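Structure first, commentary second.
Owing to the predicted nature of the structure, the values given are computational and were not obtained by experimental measurement. Every chain is numbered from 1 and lettered A, B, ... according to where its sequence line falls, protein lines coming before strand lines.
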Amino acid sequence: MTKKKIEQILATLESRYGQEQCGLDFKSPFELLIATILSAQCTDVRVNIVTKDLFENYKTPEAILLLGEEALLTKIKTCGLARTKAKNIILTCHRLLIEYNGTVPDQMEQLLTLPGVGRKTANVVMSNAFNIPAIAVDTHVFRVSRRIGLAQGKNVLEVEKELMKNIPKDKWSQAHHWLIWHGRKCCTARNPNCSGCMLRSLCNFGRGNNKEA
DNA sequence: AACTCGGGGCA
DNA sequence: TGCCCAGAGTT
C-alpha cells in the first residue's frame, strides 16, 4: 500500500466522518479513566453529556466515593450497563485511593487490575493520559483496517503496529474514530455496504475475492 | 476462543 | 418484540 493511497483513504474518511463528534472530553487522567469505563457499549457523545455533569462536582476518587454508588448510578444511567459500571467505578476509586494515593497508575499491568478496566480502556488511558504511543484496536478498527488495507497484520497487536506506522501521529486519535464510525455505518461485520462505500475505489474488499488481510 | 453479563437504541 | 453493540470478566 502506497503512501499516497493511505493519504487518500484518510482524507476520504475525514471528509465523511470529520464532522461527527468524537473523542472523550477529559481534563485529567482520572476523568479520562472514568469516561472510558463509561464508554463501553456506548458512544462518546453520550458519555460526554454524562461526564460533563458528573465532573462538574465530582472529579476525584474521593468525591465519587462521597457521592456513592446509588447517586452515581442515577447520573450515569443513560450510558447503558449502568449498574455494573457504577459498581466498578466505586471499586476502582477505592483502589486508586488506597493503592495509588488517589492518582491513576501509568503502567499497563496496574491499570488492567482495576475493576471495569480491560484491554481497551487501559490502552486509551495509556495513550491519551500518559502519552504512550498507541492506537486502541477494537473489533471495528480491526475489521475495517484489514479490509481497506490500512493494516495487513494478522492479530490485534500486529494491526496496531501497522496503523501506527501508516497513520501520521497527529491523526491517530481521529483516524481511530473514523474507522469505528465507518465500521458501524458501512463496513459492517455482516453484509457490508460495499456498493455504497465511499472507499470502494480504493479498497479491494468486496470485489470478488474478499480477503481481510 | 467461546461464552455470560447487561441495558439502551433502534427496526 | 427481537437484535445489536465504540467491553469486561471468566472458564
Discussion item. What's A/Thr139 touching, base or sugar-phosphate or nothing? Going by heavy atoms closer than 4.0 Å.
Written reply: nothing
Practice prompt. Give the rounded distance in Å between these two atoms: CZ of A/Arg46 and P of B/dG8.
Written response: 10 Å
Discussion item. So A/Asp138, base contact, sugar-phosphate only, or nothing? Heavy-atom distance under 4.0 Å.
Written reply: sugar-phosphate
Item to complete: Using whole Å, report how far NZ of A/Lys185 lies from P of C/dC4.
Response: 18 Å
Fill in: P gap between C/dC3 and B/dT4, integer Å
16 Å
Worksheet item: Of the nucleotides B/dG6, C/dA6, C/dC5, which one has an atom closest to the side chain of A/Thr43?
Response: C/dA6
Discussion item. Please report the interatomic distance OG(A/Ser127) to CD1(A/Ile132), rounded to the nearest 0.5 Å.
Written reply: 9.0 Å
Worksheet item: To the nearest Å, how far apart are A/Leu81 CG and B/dG9 P?
Response: 12 Å
Worksheet item: What's the spacing between A/Ser145 OG and A/Ile167 CD1 if we round to 0.5 Å?
Response: 6.5 Å
Discussion item. Is the distance between the ring centroids of A/Tyr17 and A/His177 under 6.0 Å?
Written reply: no
Discussion item. It should be established whether A/Arg190 places a side-chain nitrogen or oxygen under 4.0 Å from OP1 or OP2 of nucleotide C/dC4.
Written reply: yes
Practice prompt. Output yes when a side-chain donor or acceptor of A/Arg119 lies under 3.5 Å from a complementary backbone atom of A/Ala136, and no otherwise.
Written response: no
Item to complete: For nucleotides C/dC4 and B/dC3, find the distance between their P atoms and express it as a whole number of Å.
Response: 16 Å
Worksheet entry | d(NZ, A/Lys120; P, C/dA6) in whole Å | 9 Å
Worksheet item: Rounded to the Å, how far apart are A/Arg119 CZ and C/dA6 C1'?
Response: 12 Å
Discussion item. If I take atom CG in residue A/Asp44 and atom P in nucleotide B/dG9, what distance separates them, rounded to the nearest angstrom?
Written reply: 16 Å
Discussion item. Using whole Å, what does the distance between atom C1' of nucleotide B/dG7 and atom NZ of A/Lys77 come to?
Written reply: 13 Å
Worksheet item: Which one, C/dA6, C/dG7, B/dG9, comes nearest to the side chain of A/Thr121?
Response: C/dG7
Worksheet item: Base, sugar-phosphate, or nothing: which does A/Val117 touch, judged by heavy atoms less than 4.0 Å apart?
Response: sugar-phosphate
Worksheet item: NA contact type, A/Arg184, heavy-atom cut-off 4.0 Å: base, sugar-phosphate, or nothing?
Response: base
Item to complete: Could you check A/Gln41 against A/Leu114 and say which one's nearest nucleotide on DNA chain C is further toward the 5' end?
Response: A/Gln41
Worksheet, complete the sentence: With the side chain defined as heavy atoms from C-beta on, A/His177 is closest, among B/dG8, C/dG7, C/dA6, to C/dA6
Discussion item. Between A/Arg83 and A/Glu70, does any side-chain N to carboxylate O distance fall below 4.0 Å?
Written reply: yes
